[in-house]
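First the structure, in the form of structure tokens, and then the observations on it.
Only heavy atoms go into these numbers, but all of them, side chains included; no hydrogens, no water, no symmetry mates. Counting convention: from 1, in listed order, for ligands and their atoms alike.
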Amino acid sequence: MFYIVATPIGNLGDCTQRAIEVLKSVDLIACEDTRHTKILLAHYGIKTPTTSFFQHNRFTKGDYLVGLLKEGKDIALVSDAGTPGILDPGYNLINLAIKNGLEMTFIPGPAAFVNALVLSGKPCHEFYFAGFLPNRTGARKNQLEKLKQLGCTLVFYESCHRILASLEDINTVFGDKEITVARELTKKFEEVLRASSKNIQEKLAQSKPRGEFVIVI
Ligand code: SAM
């Protein structure tokens, strides 16, 4: 069986009982970064062998893992944080397993955009998850203009390196609209800011922005 297993997005306590049982019982765990996942495995006393499955080995390693699944091995797929496939290479392995007609199941758990969406208090019945915004300001503003036409709640992932620049462009496109910026969700320094993009940008610029971010408009 191929198990797609969601793991915590920061707080190690957020691993479900079923995820722990599956990670203990499978033959092999395919991890985005084995060093990162070993912290979680050590926390729960899980000694299952691990192997890496990431952006740059996804084709060769994908074929290898599918081969093992076809031999009847049980494999779990985890990403560094949250739900495999949500903005990480896990998607490629899931797709390959489907093309090979393999049986699979998903052990649900955290995904950062869900926490941010819920904490934003904005309408959750209709939303668009747009992943990461483009790196360059021109492309970013174009993308924001396009997404604005959707007229529903918009959710983006952002890194600490680009958060200030993205907030600048959000301000250009959306003006004074109240947005939510959620930082370090489930972790010790979790912070949820609800204000205009300009105000949030000013607040974050007071010190070097740190951590991982989700933006909800
Ligand atoms: N698979 C993950 C998920 O289910 O949410 C997302 C992986 S994506 C490569 C990484 C991005 O997710 C980060 O840059 C950040 O925007 C967001 N993220 C992950 N963990 C987060 C957290 N604890 N707080 C805020 N954002 C987080």
Using a threshold of 4.0 angstrom between heavy atoms of the protein and any atom of ligand 1, which residues qualify? Ile9, Ala81, Gly82, Thr83, Ile86, Leu87, Asp88, Ala111, Ala112, Phe132, Tyr157, Glu158, Glu184, Leu185, Lys187, Glu212, Phe213, Val214
Worked check of side chain to side chain contact (heavy atoms under 4.5 Å, CB included) between Leu28 and Leu65: CA-CA 9 Å; Leu28 185 63; Leu65 292 169; 3.9 Å; yes
Answer yes or no: is there a donor N or O on one side and an acceptor on the other, between the side chain of Tyr157 and the main chain of Phe113, under 3.5 Å? yes
For Lys122 and Glu178: C-alpha separation, side-chain torsions, deciding distance, then whether salt bridge (charged side-chain N to carboxylate O under 4.0 Å, His left out) applies. CA-CA 10 Å; Lys122 301 196 184 301; Glu178 191 200 277; 3.8 Å; yes
When you check the side-chain N and O atoms of Asn199 and Lys203, is any donor under 3.5 Å from an acceptor? no
Sorted by chain and number, sequence neighbours left out, side-chain hydrogen bond (donor to acceptor under 3.5 Å, both in side chains) with Asn142 holds for none
Using the rule that two of Ile, Leu, Val, Met, Phe, Trp, Tyr join whenever any of their side-chain heavy atoms come within less than 4.5 Å, decide whether Ile170 and Leu119 are in one cluster. no
